S.K.: 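Handing you this structure, nothing more for now.
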Amino acid sequence: MTNRFYVTTPIYYINDVPHLGTAYTTIAADVLARYHRLRGDETRFLTGTDEHGLKIQRVAAEQGLDPQVYADGLSAKFRAAWPRLGCAPDDFIRTTEERHMRGAQKLWSTIKDAGHIYLGHYEGLYCVACEAYYTEKELALTPGLCPVHKTPVETVKEESYFFKLSAFQDKLLAYYEAHPDFVRPAGRFNEVKSFVKEGLQDLSVSRTTFNWGVPVPGDDRHVMYVWFDALSNYMTSLSAPEDNTRFWPAIHFVGKDILRFHAIFWPAFLMAAGIELPKQIFAHGFLTYCGEKMSKTLRNTISPVELAEAISPTVGVDTVRYCLMRAIAFGQDGDFAIKDVLQRYESELGNNLGNLLNRVKPFTKEVLPAGEPGQPEADLLQAVTRTVDAAAKAFDDLNPTGAITIIFEVLTLANTYINDTAPWIAHKKGDLKRVATIMSPLLVVLEVASVLLAPVMPQVAARVREQLALAPIDWSKHEALWPFTLPVRPEGLVVKGGDQLFPRMEPEKIEALIKAFSPPPKSTDVTEAAPATTPSTTETTVTAAPAEATEPRVRAPIEAMPTISYEDFARLDLRVGIVVAAEKVKKKDKLLDLRVDTGDAAPRRIVAGLAAAYTPEQILGKRVVVLCNLAPRDFGKGLVSEGMILAASDEASLKVLGVDGEKIAGAKVS
RNA sequence: GGGCCUAUAGCUCAAUUGGUCAGAGCCCCCGGCUCAUAACCGGGUUGUUCCUGGUUCGAGUCCAGGUGGGCCUACCA
């Protein structure tokens with residue numbers, strides 16, 4: 001029986017460029033796909049691009065382009081990037097392709113016919129960049145602005161189709177229970193489970209506010225929600241141009257940020273359609289680069305392709321692939337640092353692997369008749385056999401990091417073996433038979449390593465084999481390793497040799513690489529904006545969100561709101577208030593429970609989301625501006641707020657409005 | 001607030017279901033070798049396994065509580 005292996009990456013949204021993060025996912029998928037090909041498994045590796053959505057439609061319009069033309073250009077960048085990183089997907093799907101749109105519509109119709117999609121209404125504040133609605137509550141700290149993008153949200157009311165996600169809560173939990181490896185690593189699975197246990201709401205799965213998407217079957221006014229559209233790619237790729245549905249179910253590689261869509265929404269869609277669920281969803285960790293979070297600037301600056309080409313035109317790509325797989329335990333967060341890459345290039349790849357090949361060459365110019373293997377030879381061959389099994393087991397367990405570690409251990413053993421057997425002594429004596437005996441297992445080590453490392457470093461593997469005069473790797477099935485049989489080299493075979501695989505870098509080159517691929521200095525535009533300020537008088541306030549600080553600060557365009565009359569304004573009962581009591585609300589991180597004297601008979605209670613910006617002590621006694629005739633708001637447990645304290649906010653902080661001088665409580669504000 | 005993950009040598013990380021002196025690489029020191037990319041091999045130094053309790057014949061591993069770091073989620077008039 002043929003084993004099948006179907007691995008997918010997310011389809012990448014084309015408003016971004018291919019960067020280290022997406023490269024990591026894609027390379028990991030490629031490594032596993034290559035491994036399974038070697039095993040002779042029928043293998044399919046899918047990646048692609050997600051091209052629909054309001055955001056693309058708008059940007060294209062701004063540039064005066066047809067959205068399809070715009071998408072064509074960006075998608076092509078992704079398609080071109082992967083081969084340059086040694087990745088060879090079997091299919092590259094685009095959500096704007098006819099075959100995908102047809103397939104997504106078919107999935108939709110199946111789910112609708114089964115009664116799991118219904119027509120309703122959705123009203124809310126929408127962020128174009130997120131493709132998501134926000135509740136007003138979610139925007140309290142940044143009124144009118146998306147908390148993620150800091151751009152204005154838009155009030156949108158639309159008719160919408162809904163998916164009955166709520167109906168699948170129990171079925172999902174039951175499925176999770178029955179399939180303990182459905183999501184890996186286990187910790188991530190726990191997160192998914194607890195999210196589902198907290199309750200699922202029906203999901204709005206269509207939009208009418210734009211038309212750059214897959215039309216809803218039978219209702220052209222609607223296009224599908226991007227996630228419905230996007231997730232279906234894993235199936236639609238299998239149906240066209242030829243029938244590959246036998247590959248289903250897939251293993252989905254995803255970043256942990258989009259795990260929820262893959263581990264909850266997607267399985268629910270599939271259940272609704274009566275389709276088998278994915279075999280597994282593997283959430284890998286996030287990378288930092290040289291210890292820094294992946295900010296927008298970093299993403300744009302640090303190009304994995306350019307790094308690979310700068311390291312070496314021949315083995316740079318494989319070096320990057322190797323380091324990504326080796327340095328970061330697959331599934332965990334990790335750091336990718338240029339210094340670490342150069343270190344591993346020299347030490348592990350150069351000294352260990354490259355040098356091993358090099359020191360074998362002088363004794364194996366031609367394969368000569370060998371004598372009976374002694375104990376050291378037998379031991380080394382034993383180790384090789386064990387390595388093949390152990391490495392395969394690691395790869396099978398989606399643990400490329402472990403596989404690499406195991407393979408390099410046998411290389412160290414081989415180096416030890418040469419030291420111990422000292423072939424140069426026999427060589428000097430002219431005992432060529434002894435030399436051949438010693439060399440024989442070393443050639444086995446290198447040959448086996450060339451196959452085992454091929455998934456990670458296909459180019460390097462090819463070069464090793466070329467130098468050893470071995471046939472190229474058979475990517476449809478490399479028979480010799482599984483089950484493992486000792487390779488026999490024909491006597492008289494001339495070993496080609498060749499250049500060093502990983503030539504030592506000049507110190508100048510190392511320095512230049514470190515310089516070129518170090519993270520750019522952090523943006524200091526905030527201080528630059530105030531040139532008159534000398535450093536000594538600069539405030540040393542600790543800003544609240546260090547993660548955001550690394551992002552370039554782009555001032556969001558202020559969208560003018562509709563004009564109102566004076567009468568409208570006069571309806572606001574605005575007064576000066578004095579905070580006379582303040583305490584934190586228990587169990588609510590951001591809420592302060594305040595008593596404010598607004599000139600009424602008694603201080604009024606106001607619950608305000610200010611705790612992130614003010615401690616009770618800081619706010620106590622402050623003169624603030626209060627909107628007094630706002631409808632009361634109940635926070636539950638008897639917490640009723642009878643007004644609102646005006647505050648100004650930007651992405652950095654939140655400050656209440658004050659009053660100059662000593663105005664009395666209750667003074668009118670207009 | 002609810003939840004998840006994580007903490008092991010100077011650095012990066014390992015330690016099958018609780019079971020022999022807690023290991024490896026890098027760095028550093030000493031020695032060996034000279035085929036090889038000043039490479040290779042051997043030896044050595046470094047640990048309160050974050051803290052406090054508990055279960056057990058036995059805990060890095062399990063339990064409870066705490067601390068640091070990361071993340072998911074909720075409240076935000």
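Everything quoted here is computed from the prediction, not taken from an experiment. Chain letters run A, B, ... following the sequence lines, proteins first, then strands; residues in each count from 1.
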S.K.: Let's see if you can work this out: which of B:rC26, B:rC40, B:rC35 has an atom nearest to the side-chain heavy atoms of A:Asn355?
M.R.: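 That would be B:rC40.
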S.K.: Picking from B:rU37, B:rC26, B:rU34, which would you name as closest to the side chain of A:Gln343?
M.R.: B:rC26
S.K.: Would you mind pulling out the nucleotide paired to B:rG58, Watson-Crick or G-U wobble, both distances under 3.5 Å?
M.R.: none
S.K.: Roughly how far apart, to the nearest Å, are B:rU16 and B:rC57 at atom C1'?
M.R.: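 These two C1' atoms come out 22 Å apart once rounded.
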S.K.: Looking at A:Phe282 versus A:His252, is the centre-to-centre ring distance below 6.0 Å?
M.R.: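 Here the rings of A:His252 and A:Phe282 have centres that are no less than 6.0 Å from each other.
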S.K.: What contact category does A:Glu191 fall into here, base, sugar-phosphate, or nothing, at under 4.0 angstrom with non-hydrogen atoms?
M.R.: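 Answer is base: heavy atoms of A:Glu191 come under 4.0 Å of a base.
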S.K.: Answer with base, sugar-phosphate or nothing: what part of the nucleic acid does A:Thr412 contact at a heavy-atom distance below 4.0 Å?
M.R.: sugar-phosphate
S.K.: I'd like to check A:His284 versus A:Phe330 (side-chain heavy atoms, cut-off strictly below 4.5 Å). Are they in contact?
M.R.: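 Heavy-atom side-chain distance check passes, below 4.5 Å.
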S.K.: Rounding to an integer number of angstrom, what distance separates B:rU49 and B:rU8 when you compare their P atoms?
M.R.: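 Nearest-Å result for B:rU49 against B:rU8 at atom P: 12 Å.
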S.K.: For B:rC5, does either OP1 or OP2 sit under 4.0 Å from a side-chain N or O belonging to A:Asn190?
M.R.: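 Indeed, a polar side-chain atom of A:Asn190 lies that close.
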S.K.: Could you state the atom-to-atom distance from CG of A:Leu501 to C1' of B:rA39 in whole Å?
M.R.: 15 Å
S.K.: Between B:rA59 and B:rG19, how far apart are the P atoms? Round to whole Å, please.
M.R.: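 To the nearest whole Å, 11 Å.
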S.K.: Does any nucleotide pair with B:rC40 by Watson-Crick or G-U wobble geometry, both distances under 3.5 Å, and what is it?
M.R.: B:rG32
S.K.: Of the nucleotides B:rG25, B:rC40, B:rC35, which one has an atom closest to the side chain of A:Glu348?
M.R.: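 Looking only at heavy atoms from C-beta outward on A:Glu348, the closest nucleotide is B:rG25.
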S.K.: Using Watson-Crick or G-U wobble geometry with both distances below 3.5 Å, tell me the partner of B:rU17, or none.
M.R.: none
S.K.: When you compare B:rC28 with B:rC21, how far apart are their C1' atoms, in angstrom units rounded to a whole number?
M.R.: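 Result for the C1' pair: 24 Å, nearest Å.
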S.K.: Nearest to the side chain of A:Ser194 - B:rU37, B:rG3, B:rC35?
M.R.: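 The closest nucleotide is B:rG3.
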S.K.: Nearest to the side chain of A:Thr416 - B:rA36, B:rC41, B:rC71?
M.R.: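 It is B:rC41.
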S.K.: Let me know the distance between CG of A:Leu357 and C1' of B:rC40, rounded to the nearest Å.
M.R.: 15 Å
S.K.: Quick check: on RNA chain B, is the nucleotide nearest A:Glu409 upstream (toward 5') of the one nearest A:Leu353, or the reverse? Name the residue that is more 5'.
M.R.: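 Per heavy-atom nearest nucleotide, the more 5' residue is A:Glu409.
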S.K.: Paired with B:rG68: which nucleotide, if any, by Watson-Crick or G-U wobble criteria at under 3.5 Å for both distances?
M.R.: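 When the pairing criteria are applied, B:rU6 turns out to be the nucleotide that pairs with B:rG68.
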S.K.: For atom CD of A:Glu366, decide whether the heavy atoms of other residues, nucleotides or ligands shown that lie under 6.0 angstrom number more than 12.
M.R.: yes
S.K.: For the base of B:rC40, is there a side-chain donor-acceptor partner from A:Asn419 under 3.5 Å away?
M.R.: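 Donor-acceptor pair under 3.5 Å: yes.
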S.K.: Using the ring centroid of each side chain, check whether A:His427 and A:Phe363 are separated by less than 6.0 Å.
M.R.: yes
S.K.: Determine the interatomic distance between P on B:rG44 and the same-named atom on B:rA24; round to the nearest Å.
M.R.: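 Nearest-Å result for B:rG44 against B:rA24 at atom P: 10 Å.
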S.K.: Compute the centroid of each ring, for A:Phe517 and then for A:Phe336, and state whether the two points are separated by less than 6.0 Å.
M.R.: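 They do not qualify: ring centres at least 6.0 Å apart.
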S.K.: By the 4.0 Å heavy-atom rule, please label A:Pro362 as base, sugar-phosphate, or nothing.
M.R.: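 Touches sugar-phosphate only.
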S.K.: Should the heavy atoms of other residues, nucleotides or ligands under 6.0 Å from NZ of A:Lys433 be counted, would the total exceed 12?
M.R.: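 For A:Lys433, atom NZ is not crowded (no more than 12 foreign heavy atoms under 6.0 Å).
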S.K.: For A:Ile338 and B:rU12, give me the distance from atom CD1 to atom P, rounded to whole Å.
M.R.: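 Taking atom P of B:rU12 as the reference, CD1 of A:Ile338 is at 18 Å.
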S.K.: Take a 6.0 Å sphere around CG of A:Asp396 and say whether it holds more than 12 heavy atoms from other residues, nucleotides or ligands.
M.R.: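 Correct, the count exceeds 12.
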S.K.: Without decimals, in angstroms, what is the distance between A:Leu200 CG and B:rC72 C1'?
M.R.: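 About 15 Å, once rounded to whole Å.
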S.K.: Look at the side-chain N and O atoms of A:Arg504 and state whether any lies under 4.0 Å from the OP1 or OP2 oxygen of B:rA39.
M.R.: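 For B:rA39, OP1 or OP2 has a side-chain N or O of A:Arg504 closer than 4.0 Å.
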S.K.: If we call it a pair only when both distances are under 3.5 Å in a Watson-Crick or G-U wobble match, what pairs with B:rC75?
M.R.: none
S.K.: Could you tell me how far apart A:Asp333 (CG) and B:rA7 (P) are, to the nearest whole angstrom?
M.R.: 13 Å
S.K.: Would you kindly compare A:Arg188 and A:Asn415 by the position of their nearest RNA chain B nucleotide and give the one closer to the 5′ end?
M.R.: A:Asn415
S.K.: Please classify the nucleic acid contact of A:Lys193 as base, sugar-phosphate, or nothing, using heavy-atom distances under 4.0 Å.
M.R.: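 No contact at all - A:Lys193 keeps every heavy atom at 4.0 Å or more from the nucleic acid.
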S.K.: A:Phe502 has a side chain; which of B:rC41, B:rU37, B:rC35 sits nearest to it?
M.R.: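 Closest nucleotide to the A:Phe502 side chain: B:rU37.
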S.K.: Under 4.0 Å, heavy atoms only, any strand: does A:Asn351 hit a base, just the sugar-phosphate, or nothing?
M.R.: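 Touches sugar-phosphate only.
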